[in-house]
Amino acid sequence: MIFDLHPKETIEELVGREKEVEHCISQILSKNWIIIGGQREIGKTSLMKVVINEIKKREQIAGIYINLRGVRSLNSLLTILVSEINKEKISWRFKVNINFLITSAGIEIRGGSKRRVVNSLIELLNSSDEIVIAFDEVQELSFASKQFLDILGNVYATNPKVHMIFSGSYVGLVKALLSPPSDSPLHGRPPTEIRL
Ligand SMILES: Nc1ncnc2c1ncn2[C@@H]1O[C@H](COP(=O)(O)OP(=O)(O)OP(=O)(O)O)[C@@H](O)[C@H]1O
Ligand SMILES: [Mg+2]
């Protein structure tokens, strides 16, 4: 189905990207975060989705894909993240207690936690067992660049079991990720860039 207009999800459908898939996987297993760049329609989303699926299959590492298009607040990011975790049925991999409740349906955001959204995101991510999280269209979060970079910096420094893959247009937040500000824990350790 090469002419299907949706991003590809399986390695069998992805044509001519074997090297990129293997490179991404080895970077993730080496605990490096990745940023996938390249012009429109080149296959960034497809590569992210295939890498998540392959890591799941080969290494039994959980994976979540989040498209940030239209995400206008960190609270909606938190809601989407929790709902993806519940959808994937991997809530047991998160040892949360302060800002969240564990119910039979999965993780629930405690009342009031949304006022502490930065802390809540940090708690959630830092409590996670081995996981790959792909954030697509990262430039959409540029309105919250400083806070998002702080969250990422905290998680990078605290929980080596969280592996991040980013993609998006080379503006705003994507540029900041590639050259993190000097007060960020990501400074000097930008994600590995994979340019398609
Ligand atoms: N290696 C590939 N093999 C087969 N189809 C591909 C490949 N790369 C991209 N495509 C196809 O090209 C189209 C664009 O791919 P995709 O959405 O992954 O690109 P993108 O870089 O994320 O695009 P955008 O810039 O719009 O976000 C889709 O129809 C996808 O199925
Ligand atoms: Mg895309």
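Just follow the structure's listing: the first ligand is 1, and inside any ligand the first atom is 1.
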Judged on heavy-atom distance to atom 5 (N) of ligand 1, which of Lys8, Lys49, Arg69, Glu137 sits nearest? Lys8
Short list, please: which atoms of ligand 1 are under 4.0 Å from a heavy atom of Glu13? 3 (N), 4 (C)
Measure centre to centre between the rings of Phe135 and Phe148, then say whether the value is under 6.0 Å. yes
Close-contact set for ligand 1 against Leu5 heavy atoms, below 4.0 Å: 28 (C), 29 (O)
Close N or O approach (Gly43, ligand 1; < 3.5 Å): yes
So for atom NZ, which belongs to Lys56, do other residues, nucleotides or ligands contribute more than 12 heavy atoms lying within a distance under 6.0 Å? yes
Should the heavy atoms of other residues, nucleotides or ligands under 6.0 Å from NZ of Lys175 be counted, would the total exceed 12? no
Check whether any N or O atom of Gly16, backbone or side chain, sits under 3.5 Å from an N or O atom of ligand 1, and answer yes or no. no
May I ask you to check if any N/O/S atom from Thr45 comes under 2.8 Å of the Mg ion (ligand 2)? yes
Side-chain donor or acceptor of Lys44 paired with backbone N/O of Gly38 under 3.5 Å: yes
Interatomic distance, Asn159 atom CG to Ile122 atom CD1 [nearest 0.5 angstrom]: 12.0 Å
From atom 7 (C) of ligand 1, work out which of Asn67, Leu47, Leu196, Leu14 has a heavy atom at the shortest distance. Leu14
Counting heavy atoms only, which of Lys44, Arg17, Gln39, Glu20 comes nearest to atom 20 (P) of ligand 1? Lys44
Output yes when Lys49 and Glu9 qualify as a salt bridge under the 4.0 Å nitrogen-oxygen rule, no when they do not. yes
Here the atoms of ligand 1 under 4.0 Å from any heavy atom belonging to Ser46 are 15 (O), 16 (P), 18 (O), 30 (C)
Taking only Lys NZ, Arg NE, NH1 and NH2, and the carboxylate oxygens of Asp or Glu, determine whether Arg58 and Glu22 approach each other closer than 4.0 Å. yes
